[in-house]
Amino acid sequence: SRGLGDVYKRQIRALRNTLPHHKVPELLVYLQDCGDGNTQILLLEALGWHTVSCHAADIAATALKMSEDASLPNTVRQEALKTYRRIHEK
């Protein structure tokens, strides 16, 4: 049987296709404040799909800021840099 963690991961991954754009500012705040590296990686990856979003510049700026934050785990910083590049290099 699948645990709650699997359901949670699927819900975050679903944001790749069904992101309510009016929620992006709220998600960006949560992304920075949640403190859970796995959640941050999933959210960064999902947000990176939104290269033509009206919030793409905000997503890229947040991702760049997180990629430079030495207090974050290296895996989060690497995913943040990937997200920044996906959006910024479009």
Side-chain angles (χ1 to χ4, degrees):
S1 91
R2 293 185 174 148
L4 183 58
D6 291 334
V7 171
Y8 184 63
K9 288 175 188 176
R10 282 195 314 273
Q11 289 174 337
I12 292 175
R13 287 187 178 123
L15 292 175
R16 294 181 208 168
N17 300 321
T18 58
L19 179 67
H21 292 280
H22 67 281
K23 292 288 190 181
V24 170
E26 190 177 321
L27 281 171
L28 292 176
V29 170
Y30 179 75
L31 171 64
Q32 295 173 84
D33 295 343
C34 77
D36 178 67
N38 290 330
T39 300
Q40 289 171 316
I41 289 169
L42 287 169
L43 279 171
L44 283 162
E45 197 274 336
L47 289 166
W49 283 73
H50 297 281
T51 59
V52 295
S53 166
C54 59
H55 296 288
D58 296 329
I59 295 168
T62 299
L64 182 61
K65 177 181 169 187
M66 290 180 74
S67 76
E68 297 170 343
D69 185 345
S71 71
L72 293 173
N74 195 43
T75 54
V76 172
R77 294 175 65 200
Q78 288 174 352
E79 189 61 42
L81 186 57
K82 287 181 196 174
T83 297
Y84 169 76
R85 288 179 175 156
R86 274 187 212 110
I87 292 173
H88 193 263
E89 295 174 0
K90 257 310 185 180

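As the structure is a prediction and not an experimental result, all values here were calculated from the model.
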Met66 side chain reached by Leu81 side chain, heavy atoms, under 4.5 Å:
no

Kindly give the heavy-atom pair with the smallest separation between [X] and [Y], and that separation in Å.
X	Y	answer
Ala56	Thr51	CB-O, 3.7 Å
Gln40	Gly35	NE2-N, 4.1 Å
Leu44	Ala63	CD2-CB, 4.3 Å

Restricting to side chain to side chain contact (heavy atoms under 4.5 Å, CB included), what partner residues turn up for Asn38, sequence neighbours left out?
Asp36

Qualifying side chain to side chain donor-acceptor pair (under 3.5 Å) pairs with a residue from residues 55-68, counting only residues at least two apart or across chains:
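As it turns out, the side chain to side chain donor-acceptor pair (under 3.5 Å) pairs with a partner in residues 55-68, which skip direct neighbours, are Gln32-Lys65.
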
Applying side chain to side chain contact (heavy atoms under 4.5 Å, CB included), run through Glu45 and Thr83 and close with a yes or a no.
CA-CA 6 Å; Glu45 197 274 336; Thr83 297; 5.6 Å; no

When rounded to the nearest 0.5 angstrom, what is the spacing between [atom1] in [X] and [atom2] in [Y]?
X	Y	atom1	atom2	value
Leu72	Gln78	CG	CD	12.0 Å
Arg85	Ile87	CZ	CD1	13.5 Å
Ile59	Leu64	CD1	CG	13.5 Å

Check the hydrophobic clustering (I, L, V, M, F, W, Y; side-chain heavy atoms under 4.5 Å; chains of links allowed) and say if Leu43 and Val29 are grouped together.
no

Residue pairs passing the ring-ring contact (aromatic ring centres under 6.0 Å, His included) test where at least one lies in residues 60-85, sequence neighbours excluded
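For residues 60-85: Tyr84-His88.
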
Residues forming a side chain to side chain donor-acceptor pair (under 3.5 Å) with Thr75, sequence neighbours excluded:
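Testing Thr75 for side chain to side chain donor-acceptor pair (under 3.5 Å), a comparison that skips the adjacent residues, returns none.
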
Is there any salt bridge (charged side-chain N to carboxylate O under 4.0 Å, His left out) pair reaching into residues 73-82, and which pairs are they, with sequence neighbours excluded?
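Qualifying pairs, neighbours excluded: Glu79-Lys82, Glu79-Arg86.
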
In chain order, what residues pass the ring pair (Phe, Tyr, Trp, His ring centres under 6.0 Å) check against His22, with sequence neighbours excluded?
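In terms of ring pair (Phe, Tyr, Trp, His ring centres under 6.0 Å), with neighbours along the sequence ignored, His22 is linked to no residue.
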
